Chemist: 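Take this structure first; my questions come after.
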Amino acid sequence: MARWIADWHPDDPAFWERDGKRVARRNLAFSILAEHVGFTVWTLWSIVAAKMGAFDFTTDQLFWLVALPNLIGSALRIPYTFGPARFGGRTFTVVSALLLLIPAVLLGVAVSDPGTPYWVFLVIAATAGFGGGNFASSMANITYFYPQHKQGSALGLNAAGGNIGVSSVQLVMPLVIGAFGLAAAGWFWVPFVVVAAACAWFFMDNLASAKASPGSSGRWPARRRRG
């Protein structure tokens with residue numbers, strides 16, 4: 001199934017009212033879902049590290065398990081910004097969401113064995129940085145769907161929906177871990193990741209008119225002008 005939109009002119013009022021608004025809102029809704037899940041996985045280690053009493057790790061070692069996802073996620077935001085323009089917003093959202101299965105599944109497996117070496121946890125924590133990169137690709141993608149005078153509100157909603165994922169982790173994870181054990185911190189998010197990826201696949205769109213270049217880094221990617 002391929003869904004590419006070749007004719008997209010959101011700054012045309014007639015086009016926006018006729019077709020653009022409906023399509024843009026649909027893409028925004030499922031972008032928020034995917035970004036929210038990305039933030040939950042990205043910040044998961046802030047809770048998990050505090051619950052690893054069964055492992056003989058020092059305070060400094062636990063600190064690095066919390067810090068590493070933030071470092072990797074921040075670095076990934078640079079290439080992720082150009083992902084939607086290069087591969088399509090729908091396509092990149094699906095792939096970036098599915099990548100979250102790696103840190104979620106590996107976390108569930110690793111904490112089940114008290115003998116898991118520390119370096120393995122470092123690798124798993126690093127892969128959680130995928131969720132941080134999702135923020136940049138999601139924001140860049142939604143920019144293309146909205147007319148310039150509506151981009152601020154759309155991006156605000158998109159960012160807010162993602163950042164609420166931090167609160168979701170803080171509220172839900174202690175309850176989940178307390179009820180089902182530390183491994184559940186990883187397995188719990190697997191179905192949500194699958195749902196977010198599936199929704200992106202079935203309900204989001206790629207825009208052929210989306211265009212970004214390295215020169216646009218540091219600001220929102222530019223939209224290709226109509227000839």
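Bear in mind the structure is a predicted one, so any value in this text is a computation, not a measurement.
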Chemist: Distance check, rounded to the nearest 0.5 Å: Met173 atom CE versus Thr43 atom OG1?
Modeler: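 If we round to the nearest 0.5 Å, Met173:CE and Thr43:OG1 are 10.0 Å apart.
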Chemist: Provide the closest heavy-atom pair for Phe57 versus Met52 in the form atom of the first, atom of the second, distance.
Modeler: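 So the minimum-distance heavy-atom pair works out to CE1-CE, 3.6 Å.
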Chemist: Are Val48 and Leu65 packed together at the side-chain level, in the sense that at least one heavy-atom pair is separated by less than 4.5 angstrom?
Modeler: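 No, side chains not in contact.
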Chemist: Between the side chains of Arg90 and Asp205, is the shortest nitrogen-to-carboxylate-oxygen separation below 4.0 Å, so that they form an ion pair?
Modeler: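 Salt bridge: no.
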Chemist: Does any non-hydrogen side-chain atom of Ser46 lie less than 4.5 Å from one of Gln170?
Modeler: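 Side-chain contact under 4.5 Å: yes.
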Chemist: Can you get from Val66 to Phe55 by hopping between Ile, Leu, Val, Met, Phe, Trp and Tyr side chains that sit under 4.5 Å apart?
Modeler: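 No, Val66 does not connect to Phe55 through the hydrophobic network.
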Chemist: Is the backbone N or O of Asn206 less than 3.5 Å from a side-chain atom of Arg3, with the two atoms forming a donor-acceptor pair by type?
Modeler: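 Looks like no, no N/O pair under 3.5 Å.
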Chemist: Got Tyr146 and Arg25 here, is their nearest side-chain heavy-atom distance under 4.5 Å?
Modeler: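 Heavy-atom side-chain distance check passes, below 4.5 Å.
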Chemist: Closest approach of Gln148 and Asp11, non-hydrogen atoms and distance?
Modeler: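 Here Gln148 and Asp11 meet closest at N-OD1, 3.0 Å.
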Chemist: Using distance only, find each side-chain donor-acceptor pair of residues 179-190 under 3.5 Å and give its atom names and separation, not counting sequence neighbours.
Modeler:
none

Chemist: Working to the nearest 0.5 Å, report the span between OG of Ser209 and NE2 of His9.
Modeler: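 Answer rounded to 0.5 Å: 7.5 Å.
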Chemist: Indicate the atoms forming the closest heavy-atom contact of Val169 with Pro174, along with that distance.
Modeler: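 Scanning both residues completely, I find the closest heavy atoms to be O-CD, 3.7 Å.
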Chemist: Do Ser153 and Leu157 have side chains that get closer than 4.5 Å, going by heavy atoms?
Modeler: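 When only atoms from C-beta onward are counted, Leu157 and Ser153 do not touch, as no gap falls below 4.5 Å.
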Chemist: If I take atom CG from residue Leu100 and atom OG from residue Ser96, how far apart are they, to the nearest 0.5 angstrom?
Modeler: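 So the gap between those two atoms works out to 7.0 Å.
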Chemist: Step by step, work out the side-chain hydrogen bond (donor to acceptor under 3.5 Å, both in side chains) result for Thr40 and Ser168.
Modeler: CA-CA 7 Å; Thr40 61; Ser168 299; over 6 Å; no
Chemist: Please confirm whether Tyr144 and Trp8 have ring centers closer than 6.0 angstrom.
Modeler: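 Distance test on ring centres: not under 6.0 Å, no.
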Chemist: Rounded to the nearest 0.5 Å, how far does CG of Asp19 lie from CD1 of Ile5?
Modeler: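 Atom-to-atom, Ile5:CD1 and Asp19:CG are 9.0 Å apart.
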Chemist: CZ/Arg77 to OG1/Thr81 distance, rounded to the nearest 0.5 angstrom?
Modeler: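 Taking CZ in Arg77 and OG1 in Thr81, the distance rounds to 9.0 Å.
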Chemist: Tell me the closest heavy-atom pair linking Val94 and Ala197, and the distance in Å.
Modeler: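 Where Val94 meets Ala197 most closely, the heavy atoms are CG2-O, 3.7 Å.
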Chemist: So, Glu35 versus Asn158: side-chain donor-acceptor pair below 3.5 Å or not?
Modeler: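 Present: a donor and an acceptor within the cut-off.
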Chemist: Could you report the tightest heavy-atom contact between Trp16 and Pro10, atom names first, then the distance?
Modeler: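 Nearest pair, atom of Trp16 first, then Pro10: CB-O, 3.6 Å.
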Chemist: With a 4.5 Å cut-off on side-chain heavy-atom distances among I, L, V, M, F, W and Y, is there a chain of contacts connecting Leu28 to Ile164?
Modeler: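 No, separate clusters.
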Chemist: Given the side-chain rings of Phe135 and Trp42, with only the six-membered ring counted for Trp, is the space between their centroids under 6.0 Å?
Modeler: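 No, they do not, as the ring centres are separated by 6.0 Å or more.
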Chemist: Quick one: ring-ring contact (aromatic ring centres under 6.0 Å, His included) pairs with a partner in residues 90-115, sequence neighbours left out?
Modeler: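 Sorted pair list: Tyr80-Phe92.
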Chemist: Got a second to check how far Asn27's CG is from Arg22's CZ, nearest 0.5 Å?
Modeler: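 Reported value, rounded in 0.5 Å steps: 10.5 Å.
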Chemist: Side-chain donor-acceptor pairs under 3.5 Å in residues 104-130, sequence neighbours left out?
Modeler:
from, atom 1, to, atom 2, distance (Å)
Ser112, OG, Gly108, O, 2.8
Asp113, OD1, Gly115, N, 3.0
Thr116, OG1, Ala110, O, 2.8
Thr116, OG1, Asp113, O, 2.8
Tyr118, OH, Gln61, O, 2.7
Thr127, OG1, Ile124, O, 2.6

Chemist: Could you check whether atom CH2 of Trp64 has more than 12 heavy atoms from other residues, nucleotides or ligands sitting under 6.0 Å from it?
Modeler: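 Incorrect, the count does not exceed 12.
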Chemist: With a 6.0 Å cut-off (strictly less than), is the heavy-atom count around CZ of Arg26, excluding the residue itself, greater than 12?
Modeler: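 More than 12 within 6.0 Å, yes.
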